[in-house]
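Accompanying notes for the structure given below.
The figures here come from the full heavy-atom set of this structure, side chains too, leaving out hydrogens, waters and symmetry mates. Chain A is the first sequence line, chain B the second, and so forth, proteins listed ahead of strands; every chain is numbered from 1.
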There are 2 protein chains.
Amino acid sequence: MSPRGKKLNEQMRSDAKAKITKAALEVFAEYGYHGATMEQIMKASGLSKGLVYHYFPSKEKIFFHLVDKALEISRNTWKEALDSPGTAWEKIEKLSENVAKIAFTDESSLYSLIMVQATTQGKSIPGLMEHIFQHLAFYNELPPLIIEAQKSGEAAPGDPQILFLAYVALIQGFVLFLLNDDETKKKITPEIFTKVLRNPGKPNG
Amino acid sequence: MSPRGKKLNEQMRSDAKAKITKAALEVFAEYGYHGATMEQIMKASGLSKGLVYHYFPSKEKIFFHLVDKALEISRNTWKEALDSPGTAWEKIEKLSENVAKIAFTDESSLYSLIMVQATTQGKSIPGLMEHIFQHLAFYNELPPLIIEAQKSGEAAPGDPQILFLAYVALIQGFVLFLLNDDETKKKITPEIFTKVLRNPGKPNG
DNA sequence: GTCTATACACTGATAGAC
DNA sequence: GTCTATCAGTGTATAGAC
């Protein structure tokens, strides 16, 4: 049916989509959802207006696509640690390792920024917050691990929900502050994140 | 000259300005700089289009005004702690107290959110980033205190700049996550913030 | 000839400004 | 209330592979 070979077509499709995605990531990260214009995304991608709209039906759908990719990166980073063998505390340490390794790479930083923007402006983008909450379910796996690690004395005592929030807040906060500071990014260690959960009464659990 | 008494006039001016500021704070916090419209701010303030433009020359100037107020709240919170008497570590503990007490009140939360938005979208608002950096100089007073507290063994060892960043990141991160969670806000204690700086080898410095 | 990628002028709506 | 600029989104047309 297809005049061009199917493979070639798919190649072109995914090439173009990847170009648009990359350009949109950069533009949205810099200007925010409302501040970014399709014009900017077209210029950044080097593609025409018609083509961009050929692949994505709307600005909103492009943003949703980026949010989905951000969630996927995050979920993979978490899942790989939380599904690893070992005690609850070992899993938490593994998670800190993964975060330190992945969250501050150039691409991940931009995706994290997309999530921050989604959080702060989500109310003005219909359906976005619901979409995010639905796909953030993997976060819920951490609090039970904290509770388990509290029982073994490795995690700090106190409200597990607050400890959990502190952990996530610290990661997001770092992303925000290190956007343009590559030198400091290199100094991020897993220990920084684990520290907010660790029980100081029992050093080095 | 003035048909109305001078005092009355000034009263009206500050009333109107306060109304606009309050409305703008809420609208910008919810929709972001670009997502917010002057229409929304006018409706939220209950004032006419003409009056709003009488008090502020542009949308941009309103946002700058909010950023300045946010910086002022932050500076006061920090200064009051860092200028207090006592050791370096005591000042840090006082700072955590102030932050826990002030940063999560309804008004401060919104101002913090304005700062987050300014950070993430600042590049698309001319002059904003420079403006913010100029007025964030008070942040620079914390790292020396950390270094001093490291010498006395109260602060954790390690790169003071990273510890400083972790402290600030944690505060900002909490603000971001607790926007719509008043129940959890109540549970925030100074200890959560101090913990990221404390030396676990010497509990309770 | 047919299908798909691509280009771009245009439209309608709405925002900021005054 | 009005003016003007600009945005998201569309309609139509061309190019080229098969």
*Can you check the A/Lys43 NZ to C/dC8 P distance for me, whole Å?*
12 Å
*Whole angstrom is fine here: how far is it from NZ in A/Lys17 over to C1' in C/dT4?*
16 Å
_Taking ring pair (Phe, Tyr, Trp, His ring centres under 6.0 Å) as the definition, give me every residue that meets it alongside A/His65, ordered by chain and number, with sequence neighbours left out._
A/Phe56
*Between the first and last five pairs of the helix from C/dG1-D/dC18 to C/dC18-D/dG1, the angle of the axes, rounded to 10 degrees*: 10°
*Summary of protein contacts for nucleotides 10-18 of chain C, nucleotide by nucleotide, where a base hit scores B, a sugar-phosphate-only hit scores S (4.0 Å, heavy atoms)*: -----SSBB
_Please tell me if A/His54 has a side-chain N or O lying less than 4.0 Å from either OP1 or OP2 of C/dT6._
no
Please tabulate, one pair per line, all N/O donor-acceptor pairs under 3.5 Å involving side-chain atoms of residues 23-31 of chain B, not counting sequence neighbours.
from, atom 1, to, atom 2, distance (Å)
B/Glu26, OE2, B/Lys22, NZ, 3.3

_I need the CG-C1' distance between A/Leu51 and D/dA8, as an integer number of Å._
17 Å
_Heavy-atom closest pair, residues B/Gly35 and B/Gln40_ = O-OE1, 3.7 Å
*Which residues pass the ring pair (Phe, Tyr, Trp, His ring centres under 6.0 Å) test with B/Phe104, sequence neighbours left out?*
none
*Kindly write out the residues that satisfy ring pair (Phe, Tyr, Trp, His ring centres under 6.0 Å) with B/Tyr167, not counting sequence neighbours, or none if the list is empty.*
none
*Measure the spacing between CD of A/Gln172 and OG of A/Ser112 and express it to the nearest 0.5 Å.*
6.0 Å
*Roughly, in whole Å, what's the span from CD1 in A/Ile41 to C1' in D/dA8?*
11 Å
_B/Ala156 to A/Lys195 - nearest heavy-atom pair and separation_ = CB-CE, 3.7 Å
*Do NZ/NE/NH1/NH2 and the carboxylate oxygens of B/Arg198 and B/Glu93 come within less than 4.0 Å?*
yes
